[in-house]
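What follows is one structure encoded as structure tokens, with my remarks underneath.
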Amino acid sequence: MERYQVTDGEGFRLADHDPGATSGVDSKTKGRAEVAGLTTRMEDLQRKLYADGRHKLLVVLQGMDTSGKGGAIRKAFEALNPTGVHVASFKAPTEPELAHDYLWRVHPHVPGDGMISIFDRSHYEDVLIVRVRGLVPKQRWKARYGHIRDFEQMLVDEGTTIRKYFLHISRKEQAERLQARIDDPTKRWKFRLADLAERKLWDDYQHAYEDAIRQTATPDAPWIVVPADRKWHRDLVIARTIVETLEGLDLRYPEPEEDLSGIVVE
Ligand code: AMP
Ligand code: MG
């Protein structure tokens, strides 16, 4: 999994990352079986994270339309106890959100002790669509990489573990998935004509993603570039790296505060 992790953005090139990679797992069946085992493991670890209450995990999911952010939440995190999870979806900002700085709407959704927050899009939209669409002047979005590094470092310094995922799909795969959204009546609700306009700006978005990763990948807040053309592989990379991350936290069930030795419930 290490090859997908970016802890130092310098010289990062998206072109070095193949969206179709499968990590040597040669079938969907094997991939899905491994994901099933990992999600069970993740459930145990989350229970401990919650009981322990000394750590918190922020998971950021970013990617082009149809890259599978929603699918990843459904599949890779399916075994988690909802009580300990907060999912925040960041859409186009509302009027009050636009009237504030771009981190204002984000901060209330970061995890508290024992919790996992999953961001479906995030503050990175403010250097992605905002940059590509020129929604604010260049000097404003340029300054944001620094703010974002500082904001994330502050969260880490205050006890949060951060993992940021870029779900990397190919242009061809996106075409198939958008077409499926149009053709399949049960998927049509997810499609907007505006998605085609965004697709026309594919290269600009790839460039904006590359720059965002270059400027904000750090050892404390790494990006994981997930080869996501195969949905099972997307879930495999996410589940493996989340399990690894939680295993690295040295979680433990707290000692009872009162002496319970010899106590028998009548
Ligand atoms: P979806 O994820 O398909 O529900 O779409 C949400 C839309 O909101 C996407 O087109 C995002 O690019 C857009 N969006 C999210 N955050 C922002 C933001 N800060 N500024 C402008 N558009 C945003
Ligand atoms: Mg959409």
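Note that ligands are numbered from 1 as they come in the structure, with each ligand's atoms numbered from 1 the same way.
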Completion exercise
One should read off an interatomic distance between Ile224 CD1 and Glu2 CD, to the nearest 0.5 angstrom, of 11.0 Å

Practice task
Look at atom 18 (C) of ligand 1 and say which protein heavy atom is nearest, naming residue and atom and giving the distance to 0.1 Å.
Solution key: Pro93 CD, 3.4 Å

Exercise for the section: Under 4.0 Å, heavy atoms only, figure out whether ligand 1 is touched by the backbone of Glu198, its side chain, both or neither. Expected result: neither

Practice task
Could you pull out the closest heavy-atom pair between Val60 and Tyr124, with the gap in Å?
Solution key: CG1-CD1, 4.3 Å

Problem - Arg105 NZ/CZ over Phe90 ring centroid, <6.0 Å and within 45° of normal - result: no

Exercise for the section: Mark up the atoms of ligand 1 that fall under 4.0 Å of a heavy atom belonging to Ala92, in ascending order. Expected result: 8 (O), 13 (C), 14 (N), 15 (C), 22 (N), 23 (C)

Exercise for the section: Enter the distance from Arg240:CZ to Asp235:CG here, rounded to the nearest 0.5 Å. Expected result: 12.5 Å

Practice task
Tell me which part of Arg105 gets within contact of ligand 1: side chain, backbone, both or neither, using heavy atoms under 4.0 Å.
Solution key: side chain

Handout entry: Nitrogen or oxygen of Ile129 less than 3.5 angstrom from that of ligand 1
Key = no

Exercise for the section: Return yes or no for this condition: an N or O of Lys69 is under 3.5 Å from an N or O of ligand 1. Expected result: no

N/O donor to acceptor pairs below 3.5 angstrom from side-chain atoms of residues 191-204, sequence neighbours left out:
residue: Arg192; atom: NH2; partner: Asp195; partner atom: OD1; Å: 3.1
residue: Asp195; atom: OD2; partner: Arg192; partner atom: N; Å: 3.2
residue: Glu198; atom: OE1; partner: Tyr205; partner atom: OH; Å: 2.2
residue: Glu198; atom: OE2; partner: Arg133; partner atom: NE; Å: 3.1
residue: Glu198; atom: OE2; partner: Arg133; partner atom: NH2; Å: 2.9
residue: Arg199; atom: NH1; partner: Arg171; partner atom: O; Å: 2.9
residue: Arg199; atom: NH1; partner: Gln174; partner atom: OE1; Å: 3.0
residue: Arg199; atom: NH2; partner: Arg171; partner atom: O; Å: 3.4

Exercise for the section: Please collect all side chain to side chain donor-acceptor pair (under 3.5 Å) contacts where either partner lies in residues 255-265, sequence neighbours excluded, each pair once. Expected result: Asp259-Ser261

Practice task
Mark up the atoms of ligand 1 that fall under 4.0 Å of a heavy atom belonging to Lys91, in ascending order.
Solution key: 1 (P), 4 (O), 6 (C), 8 (O), 14 (N), 15 (C), 16 (N), 17 (C)

Completion exercise
For Asp126, the atoms of ligand 1 under 4.0 Å from one of its heavy atoms are 19 (N)

Problem - Under 4.0 Å to a heavy atom of Glu125 - the qualifying atoms of ligand 1, by number - result: 11 (C), 12 (O), 15 (C), 16 (N), 17 (C), 18 (C), 19 (N)

Fill in the blank from the handout: With heavy atoms and a 4.0 Å threshold, my read on which part of Arg192 contacts ligand 1 is side chain

Problem - Residue from Trp223, Tyr4, Phe12 passing ring-ring contact (aromatic ring centres under 6.0 Å, His included) with His17 - result: Phe12

Practice task
Examine the proximity of ligand 1 to Val130 and report which part, side chain or backbone, both or neither, has a heavy atom under 4.0 Å away.
Solution key: side chain

Exercise for the section: Measure centre to centre between the rings of Phe151 and His123, then say whether the value is under 6.0 Å. Expected result: yes

Practice task
Considering only non-hydrogen protein atoms, determine which one is nearest to atom 3 (O) of ligand 1 and report residue, atom name and distance to 0.1 Å.
Solution key: Arg121 NH2, 3.9 Å

